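This report refers to the structure that appears directly beneath it.
Counting starts at 1 for both ligands and their atoms, in listed order. A quick note: this is a predicted structure, and the numbers were derived from the prediction, not measured.
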Amino acid sequence: MRRKVYVEGSSSDIRVPFASVELSDGNDPVRLYDTSGPGSEPEKGLPPLRAPWVSGRTQLASARAGVVTPEMEFVAIRENVPAELVRAEIAAGRAVLPANRNHPESEPMIIGSRFLVKVNANIGTSAVTSSVAEEVEKLTWATRWGADTVMDLSTGPRIHETREAIIRNSPVPIGTVPIYQALEKVKGDPVKLTWELFRDTIIEQAEQGVDYMTIHAGVLLPYVPLAADRVTGIVSRGGSIMAAWCLAHHEENFLYTNFDEMCRIFADYDITFSLGDGLRPGSIADANDEAQFAELRTLGELTHRAWEHDVQVMVEGPGHVPMHKIKENVDLQVELCGGAPFYTLGPLTTDIAPAYDHITSAIGAAMIGMFGTAMLCYVTPKEHLGLPDKDDVKAGMIAYKIAAHAADLAKGHPGAQEWDDALSKARFEFRWEDQFELALDPETARAYHDETLPASAAKTAHFCSMCGPKFCSMKISHELKAQGMGQKSQEFVASGGRVYVPLPVVPAHSG
Ligand code: IRN
Ligand code: FE2
């Protein structure tokens, strides 16, 4: 059984949620990170838990002044790490705690390479499909499956209203790409965009409580021609809008030229920059090219500029990248952006599997997470094909939670392996119910098992239908254990038996 539990901090209003998985046979419960929030009726919204903590300083300014804010204490408990580590990583710019003053409903979380790898889920209406209620349902659904942040990428009508409903009901930070709404305001013609109109749009969204915003300020005029010979050109929506504007006016990107003013607005609300990768590769052929890395150098420059304003920054990354070119992306980003958290879209490790891009990209996501990427933007099976529905959101979330946890294990995050160990033990001891409850997706695990062995007696049986009763390796292992595996092997060795035959020695190659 899963139950929500709270761990209290130094003051009684710091209550950190966890999902406690209660196990049978006297096994200790396992405490899991929980993003599902307190739950509410969509018309009322969530309680404003952070309201008493909101101060005039950004989290970065507080961290630099040596102050551990209640939000920092909250995430330290959540991550099972010292509060001082949280403060120091934020102060150094290596982690961000996205929390707009006007989004007090959010439960604090942290994004940085020293912490658990996070997953973002994208939702949002488009001109063709979806309603406000459906989007709130998708938000709740995404956080139920572990989304650490959600981006509202709505376009089309009722953007403001959809976003309001999402923010008021969101226990996780909400991100947006404000250029999408700005483009709606000029009826879809990028040439008509202006800095003033864009500025009003970010203020409108800031007032509502958007916690982080994707800003494509690195798409500079001289970089646009670098994408001309690519197989897939510019695939970023925001990137293509800004490239169109730059070319039409033959002027430098107004997000770049007004960056300092934007920083002052972001500081007022404590909004975190997510510097957009408008020139990310959209195909294996375009990975790691000059357009992509030229933009990354500019994102590095902008990172340092935002820090001067006490504004938190993360940096977006690709895209489509084959496995052997992934590490170079992380190494360069860390170097150029002073260790600011990297937030990548996959990357997709091959282009051949439309309808399965949650898998092609989860492979890249696991790798890039292991190398230090702090947050992974999920990709759903509908990528390149259509707007994801609820089933797609779940498939994308599960694929990405696997990638993120695999990376946490590889990085040795404190406590990450406890979950695996508890599940392995339940599996070995044939505690089927415990195995289901500990599963990332309990419902599907249980359903698959019950397809062939639905009887309740099968829940304690020492086999499943994969191998049947006679061929279950775990059952045979139990019998070996009962016979004293150690003693048997000693007898075997004493009688001259060998399991591993040493390899013959071959002389080394000379040339
Ligand atoms: C993440 C990393 N690189 C891109 N992303 C996400 O992709 C970004 O945060 C946004 O949610 C989505 C679409 O961005 P573009 O296509 O406007 O760049
Ligand atoms: Fe793509």
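The aromatic rings of W307 and H304 sit perpendicular to each other, their planes meeting at more than 60°, with 30° as the lower class boundary.
If you number the atoms of ligand 1 from 1 as listed, the ones under 4.0 Å from a heavy atom of T214 come out as 9 (O). Atoms of ligand 1 found under 4.0 Å from any heavy atom of Y343 (numbered from 1 in listed order, with element): 1 (C), 2 (C), 9 (O). Taking every heavy atom of Y180 and a limit of under 4.0 angstrom, the matching atoms of ligand 1 come to 13 (C), 14 (O), 15 (P), 16 (O), 17 (O). The G238 neighbourhood of ligand 1 comprises atoms 15 (P), 17 (O), with distances under 4.0 Å to a heavy atom of that residue. Counting the atoms of ligand 1 from 1 in the order shown, those under 4.0 Å from a heavy atom of H216 are 15 (P), 17 (O), 18 (O). Taking a cut-off of under 4.0 Å to the non-hydrogen atoms of S236, the atoms of ligand 1 that pass are 15 (P), 16 (O), 17 (O), 18 (O).
Judged purely by distance below 3.5 Å, without hydrogens or angles, the side chains of N120 and N122 pair a donor atom with an acceptor atom. The closest side-chain donor-acceptor pair between Q208 and N100, if any, does not fall under 3.5 angstrom. One side chain, K4 or S36, offers a donor N or O that lies under 3.5 Å from an acceptor on the other. Side-chain contact check for T298 and Y223: at least one donor-acceptor pair (N or O, by modelled atom type) lies under 3.5 Å.
Protein N/O/S atoms nearer than 2.8 Å to the Fe ion (ligand 2) total 2.
Under the 6.0 Å cut-off for aromatic ring centres, H405 and H413 do not qualify, their centroids lying 6.0 Å or more apart.
Heavy atoms of L153 found under 4.0 angstrom from ligand 1 belong exclusively to the side chain. For D277, every heavy-atom contact with ligand 1 shorter than 4.0 Å involves the side chain, none the backbone.
What sits closest to atom 7 (O) of ligand 1 on the protein, heavy atoms only, is L345 CD2, 4.0 Å. Protein heavy atom in closest approach to atom 12 (C) of ligand 1: N122 ND2, 3.9 Å.
Heavy-atom separations between G317 and ligand 1 include at least one value shorter than 4.0 Å.
The side-chain heavy atoms of P98 and Q312, taken from C-beta on, include no pair separated by under 4.5 Å.
Ion pairing between a basic and an acidic side chain is recognised when a charged N comes within 4.0 Å of a carboxylate O; E164 and R168 show such pairing. Classification of E135 and R158 as a salt-bridged pair fails, no side-chain N sitting under 4.0 Å from a carboxylate O.
Judged by the 6.0 Å and 45° rule, R237 forms a cation-pi pair with Y180.
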Show me, pair by pair, the donor-acceptor contacts under 3.5 angstrom made by side chains of residues 263-275, not counting sequence neighbours?
residue : atom : partner : partner atom : Å
Y269    : OH   : E207    : OE2          : 2.6
D270    : OD2  : Q59     : N            : 2.8
S274    : OG   : E316    : OE2          : 2.6

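The one candidate from F254, W195, F198 that meets the ring-ring contact (aromatic ring centres under 6.0 Å, His included) condition with W245 is F254.
If you check each of M314, E316, R237 against atom 9 (O) of ligand 1, the one with the closest non-hydrogen atom is E316.
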